[in-house]
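Structure first, commentary second.
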Amino acid sequence: MSTENEGTAVPPAPSAPPVPVDAPAASTPQASEAGAPTTPIPPVPPHASGGAQGPELVHAGPAPAYASAEGGAQQGASGAPQHHGPGPEGAWPPPQSPGTPLYADGGAGGAGGAWGSGYQQPAPKPKNGRGGLVAAVLVAALVAGGLGGGLGYTLAKDNDNGSSTTLSASDSGGSVKRDAGTVAGVAQKALPSTVTIEAESTSGEGGTGTGFVFDTQGHIVTNNHVVADAVDGGKLSATFPNGKKYDAEVVGHAQGYDVAVIKLKNAPSDLKPLTLGNSDQVAVGDSTIAIGAPFGLSNTVTTGIISAKDRPVASSDGSGSNASYMSALQTDASINPGNSGGPLLDAQGNVIGINSAIQSTSGGGLGGTSQSGSIGLGFAIPINQAKYVAQQLIQTGKPVYAKIGASVSLEDSTGGAKITTEGAGGSDPVEAGGPAAKAGLKPGDVITKLDDHVIDSGPTLIGEIWTHKPGDKVKITYERSGKTHTVDLTLGARTGDS
């Protein structure tokens, strides 16, 4: 699913667009290139995204490994990513599997899915091709349109024998005032507070994504995978729709949540933060508006509805070391590589989510010859969760994750999240003195509910836990020896991604 940093360059468009048959000879303009959860996070387990699976598999990997509800990743001897934890915390999910959603925009990766849109640097630096579109079709359409217009005028002139009657059109096309509640009205207000982000690593690899103004101090919220290339000494910039471009720096990033905050250098004094909505109150069928830079096409607006809520999604950037888990908002608004990090708005223009991942049927992407695109299955991080994470990153620079202190199996199953009999790296599957141990949970117990949310797998449990904050009290329903039990559990905390 969703999200978007890629690894191969997007093939260039034909050097010259087709010329319509029987059209007068004309020079054909050349098409121009458009610019273009704790500790090491693992690849996504097979079928980890639950209902988010698509008709075709984008990623394939070895059999699932054990992972904890806290996170961690390991590399198998075969070279395929496998999950392991940072010690007592437990392990992350196994290698990413077919059907795993792709990032909607920007992380470096290995062979697998396609992320984000890329841009071409002027210097011949190596790029990972995060997306580039050549507007050959548009150029061809313009050429054809121009020829058609010229022919129409000539024919009309030749047929005018002086006896024709001329009808004058009305001088007024009606009111062009757009009400605040219309899509156009929402877009007009929100676009000035969105930015197109360009991230470049020290080796010259990079891509584009999207972000939005979080406060008047110059903080911009986006996805972790959008800015990952620029974290260690790379370059980062943000461009507003009015063309003004600002250098930026990463304030903090959370791999597990796939949320990051950057800050503009020399930020303007007239920044207008977008209004944050309440993702808990969103209902299936509500209208949605997505803003982003799909395939580098900045300031693109698309519309749709909320197709589902609480969708368990495990997404990976394809590198085998970065994965994120979310209980996502699903939308059919068109989201493509480059939309990552952009706002998902409700009909009133309030931010209800951060566009992060897509499910795709395409086999293109990292290691392929093409990038995958929207099939109407997009996923966004609920804004209530993203807001909490962003505030933590601004305050401390590090993410804080809620945890239960137990390792759970990420095997393909719909029966629940089973606490493993062995933890990652030989650690205890149930952390001594941790929340799960205090609640009486034991290896072999199968967690089937967290509060009122049905838990059908390990990734689903992780996603649900991370919608809460450390210290929150939750009700855990589990099965042991064929009997169902319910206990109250207070979530613990883990700071940082390592």
Side-chain angles (χ1 to χ4, degrees), residues 3 37-44 67-75 81-93 103 107-108 199 214 219 221-234 236 249-263 314-317 319-326 341 354 356 381 385-408 423-425 427-428 431-436 459 461-472 490-498:
T3 352
T38 22
T39 70
I41 305 177
V44 183
S68 79
E70 287 84 61
Q74 64 186 10
Q75 193 75 11
Q82 304 209 357
H83 296 290
H84 69 96
E89 297 292 338
W92 270 84
Y103 280 143
F214 187 70
H219 291 109
V221 172
T222 184
N223 283 141
N224 170 70
H225 70 265
V226 170
V227 303
D229 283 328
V231 169
D232 296 319
L236 192 65
E249 60 185 356
V250 178
V251 172
H253 60 108
Q255 292 179 349
Y257 291 123
D258 196 20
V259 173
V261 175
I262 66 175
K263 188 174 183 180
S315 60
S316 169
D317 65 359
S319 69
S321 62
N322 297 320
S324 60
Y325 295 89
M326 63 182 111
I354 300 177
S356 181
I381 303 166
Q385 177 182 3
K387 176 183 177 181
Y388 163 73
V389 177
Q391 291 172 335
Q392 289 289 330
L393 294 177
I394 292 172
Q395 293 170 9
T396 68
K398 295 182 179 180
V400 179
Y401 297 91
K403 69 172 187 177
I404 64 170
S407 296
V408 294
S427 63
D428 293 334
E431 178 186 342
L461 176 62
I462 295 172
E464 284 298 331
I465 290 173
W466 285 356
T467 63
H468 293 77
K469 301 175 184 178
D472 284 354
T490 300
L491 297 173
R494 179 172 55 78
T495 300
D497 280 315
S498 60

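Index from 1, following the sequence.
- By the 30° and 60° cut-offs, the orientation of the rings of Trp466 relative to Tyr401 is tilted.
- The distance from the CZ atom of Phe214 to the CD atom of Gln391 is 5.0 Å, given to the nearest 0.5 Å.
- Shown here for Leu393 and Pro399, the closest heavy-atom pair between the two residues is CD2-N, 3.7 Å.
- Among all heavy-atom pairs drawn from Gly492 and Pro435, the shortest one is N-CG, 3.5 Å.
- The shortest heavy-atom contact between Val251 and Ile394 is CG1-CA, 4.1 Å.
- Applying the side-chain contact (heavy atoms from CB on, under 4.5 Å) test between Ile262 and each of Val221, Val250, Val226 identifies Val250 as the sole match.
- For Ala386, the side-chain contact (heavy atoms from CB on, under 4.5 Å) partners two or more places apart in sequence, or in a different chain, are Val259, Ile354, Ile381, Ile383.
- Heavy-atom minimum distance, Thr222 versus Gly341: OG1-CA, 3.5 Å.
- Of the possible donor and acceptor atoms, none in the side chain of Asn224 sits under 3.5 Å from a partner among the backbone N and O of Asp258.
- Closest approach of Gly471 and Thr490 over heavy atoms only: O-CG2, 3.7 Å.
- Every residue two or more places apart in sequence or in another chain that forms a side-chain contact (heavy atoms from CB on, under 4.5 Å) with Val400 is listed here: Tyr388, Gln392, Pro470, Ala493, Thr495.
- The shortest non-hydrogen separation linking His253 to Val231 is NE2-CG1, 3.7 Å.
- Shown here are the side-chain hydrogen bond (donor to acceptor under 3.5 Å, both in side chains) partners of Glu464, two or more places apart in sequence or in another chain: Ser327.
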